[in-house]
Amino acid sequence: MAMHFDLTDMQLMVHISEVHSLTKGAERSHLSLPAASNRIKNLENNLGTALLYRNSQGVTLTPSGEAFVRHAHIVLRQLEHLRGDIREFAEGIKGKVRVYANTTAMNEFMPDILSRYLALHPDVSVELRERLSYRIVKLVSEGVADIGVVAGIDEDQAVSEEGVRFIPYRSDNLVLVTSRGHQLAGHDELSFAESLSYEFVGLSEWSAIHSFLKQAAETLGSPLRFRIEVGGFEAACRMIAANAGIGVIPETAALRYAATMPLKIIRLTDSWALRRLYVCVRRLEELPSFAQELVALMQQDAGASNGADAA
């Protein structure tokens, strides 16, 4: 059965669902009551099912009506995104790059890279989002993301399963950080399991590293106990230095803040703590030229960093 959907009908149904009234829904949609009523009747006939229960108190959605409104919200929201993207083009933005990165890349590397990239490309906008590495691979493979930055990925397996190309980027290990007066501060290296009896300072539950560490703890059969959660690495280090707990953060951040805070950095012996970061793309040659230029800039940045480390 062919079904034809009208955006005005979708908006009308959304309005009716919000006010539980056909009359007020029509007013919100800038329609007369007879016109709105006729639209609903035609829509129900087209769909072959009732969308509204009508009674003396007003109207409510039938199960079919609830499904219709749920999908109408999605369609109308996507149209808003479309309008926003088209508006950007009209205002001079010529392209958009969608970059998904793990916590380390988001906080340690991408701000500097993107500030240089955006200065070189004033007509390009960047959508930057944080996700867990395995999710980023999937989003890149599905075309949701143009470029990903991931760690802890089995490169050979990921390429065969997801059809994603991995380009070596940087190395940045995860380390355990404590205050200098903490019971664990006498150690130079520990396993993650040996730290789990202590309370942690963690990043927000929305961060990728938060979820990663929770999964690592669950694998060991021990819950990760967060005493406090903060919004970034600097705040985490300040809380750790104040003896609020211990934490696991990237070594680059730990070294930066240990220079000015009373922190002890302890190497983690777990294999997952040794992290190689990759830039991942589906087909580099099929990306727009401005997106390819971002990948090239990241590769240059990685090369410069590796050269500095070697020196």
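Rounding to the nearest 0.5 Å gives a distance of 13.0 Å between CD of Glu18 and NZ of Lys24. With rounding to the nearest 0.5 angstrom, the CE atom of Met298 is 6.5 Å from the CD1 atom of Ile147. Atom CD of Glu218 sits about 11.0 Å away from atom CG of Leu213, to the nearest 0.5 Å. Atom CZ in Arg180 sits 7.0 Å away from atom CG in Leu263 (nearest 0.5 Å). Taking CD1 of Ile249 as the start and CG of Asn173 as the end, the distance is 12.5 Å to the nearest 0.5 Å. Here the straight-line distance linking atom CG of Leu277 with atom CG of Asn102 works out to 5.0 Å at 0.5 Å rounding.
Judged by distance alone, the side chain of Glu44 and the main-chain N or O of Leu51 form a donor-acceptor pair under 3.5 Å. The closest donor-acceptor contact from the side chain of Ser191 to the backbone of Thr269 lies at 3.5 Å or more, if one exists at all. Using modelled atom types, one side-chain atom of Ser141 and one backbone atom of Lys138 make a donor-acceptor pair closer than 3.5 Å. Side-chain atoms of Arg267 never come within 3.5 Å of backbone atoms of Asp188 as a donor-acceptor pair (strictly under, hydrogens ignored). In this structure, Asn38 contributes its side chain and Pro34 its backbone to no donor-acceptor pair below 3.5 Å. Under the 3.5 Å distance criterion, the side-chain polar atoms of Gln292 are matched with a main-chain donor or acceptor of Leu287. With Arg98 contributing its side chain and Val144 its backbone, the two residues share a donor-acceptor pair below 3.5 Å. In terms of modelled atom types and a separation under 3.5 Å, the side chain of Asn243 and the main chain of Ser179 share no donor-acceptor contact. Distance alone, capped at 3.5 Å, places no donor-acceptor pair between the Thr49 side chain and the Ser64 backbone.
Between Leu22 and Leu33, the closest side-chain pair of non-hydrogen atoms falls below 4.5 Å. A heavy-atom distance below 4.5 Å is not found between the side chains of Val149 and Met106. Between Arg54 and Val59, some side-chain heavy-atom pair lies under the 4.5 Å cut-off. In this structure the side chain of Val97 reaches within 4.5 angstrom of the side chain of Phe290, judged on heavy atoms. Put simply, the side chain of Ile40 reaches to within 4.5 Å of the side chain of Ile16, judged on heavy atoms. The closest side-chain heavy-atom distance from Glu130 to Ser207 is below 4.5 Å. Annotation: side chain of Tyr169 is in contact with side chain of Asp301 (closest heavy-atom distance under 4.5 Å). The shortest distance between side-chain heavy atoms of Phe233 and Glu108 falls below 4.5 Å.
A single hydrophobic cluster is not seen to contain both Met13 and Tyr53; linkage of ILVMFWY side chains at heavy-atom distances under 4.5 Å, directly or through other members, places them apart. Using a 4.5 Å cut-off between side-chain heavy atoms of Ile, Leu, Val, Met, Phe, Trp and Tyr, with links allowed through other members, Ile228 and Val177 fall into the same hydrophobic cluster. Note on Leu128: it does not cluster hydrophobically with Leu120, by side-chain heavy-atom contacts below 4.5 Å among ILVMFWY residues. Placement of Val19 and Val14 in two distinct hydrophobic clusters is found when ILVMFWY residues are connected by side-chain heavy-atom separations under 4.5 Å, directly or transitively. Note: the hydrophobic cluster containing Phe212 does not contain Leu274 (ILVMFWY, side chain heavy atoms under 4.5 Å, direct or indirect links).
Phe192 is linked by a ring pair (Phe, Tyr, Trp, His ring centres under 6.0 Å) to Trp272, counting only residues two or more places apart in sequence or in another chain.
Residues Ala101 and Ile136 come closest through the heavy atom pair C-CD1, 3.4 Å. Contact between Val99 and Val126 at its shortest, heavy atoms only, is CG2-CG1, 4.1 Å. Closest non-hydrogen pair, Leu203 versus Thr103, comes out as CD1-CG2, 3.7 Å. When all heavy atoms of Leu190 and Asp270 are compared, the pair lying nearest together is O-OD1, 4.4 Å. Closest heavy-atom contact between Leu174 and Arg275: CG-CD, 3.2 Å. For the pair Pro223 and Ala217, the tightest heavy-atom approach, listed with the atom from each and the gap, is C-CB, 4.4 Å.
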query: Step by step, would you call Leu184 with Lys264 a side-chain contact (heavy atoms from CB on, under 4.5 Å)?
result: CA-CA 9 Å; Leu184 296 178; Lys264 174 63 185 289; over 6 Å; no
task: Could you go through the side-chain contact (heavy atoms from CB on, under 4.5 Å) check for Ile113 and Leu294 one step at a time?
output: CA-CA 8 Å; Ile113 289 289; Leu294 176 55; 3.9 Å; yes
message: Quick one, Arg238 with Glu234, criterion salt bridge (charged side-chain N to carboxylate O under 4.0 Å, His left out). Give me CA distance, side-chain angles, the key distance, then yes/no.
response: CA-CA 6 Å; Arg238 290 189 181 280; Glu234 181 178 3; 3.1 Å; yes
task: Go through Ile209 and Asn107 one step at a time and tell me if the side-chain contact (heavy atoms from CB on, under 4.5 Å) criterion holds.
output: CA-CA 11 Å; Ile209 203 167; Asn107 289 273; over 6 Å; no
- request: For side-chain contact (heavy atoms from CB on, under 4.5 Å), just list the numbers for Phe109 and Asp172, CA-CA rounded to whole Å, side-chain angles, deciding distance to a tenth of an Å, and then say yes or no.
  value: CA-CA 10 Å; Phe109 307 130; Asp172 194 23; 4.1 Å; yes
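The number of heavy atoms from other shown groups lying within 6.0 Å of CZ (Arg256) is above 12. Counting heavy-atom neighbours within 6.0 Å of Arg135 CZ, excluding the residue itself, gives a total of 12 or less. Around atom CD of Glu199, more than 12 heavy atoms belonging to other residues, nucleotides or ligands sit under 6.0 Å away. For His73, the NE2 atom is densely surrounded, since the number of other residues' heavy atoms within 6.0 Å is greater than 12. Annotation for Arg227: atom CZ does not count as buried by contact number, only 12 or fewer foreign heavy atoms lying within 6.0 Å.
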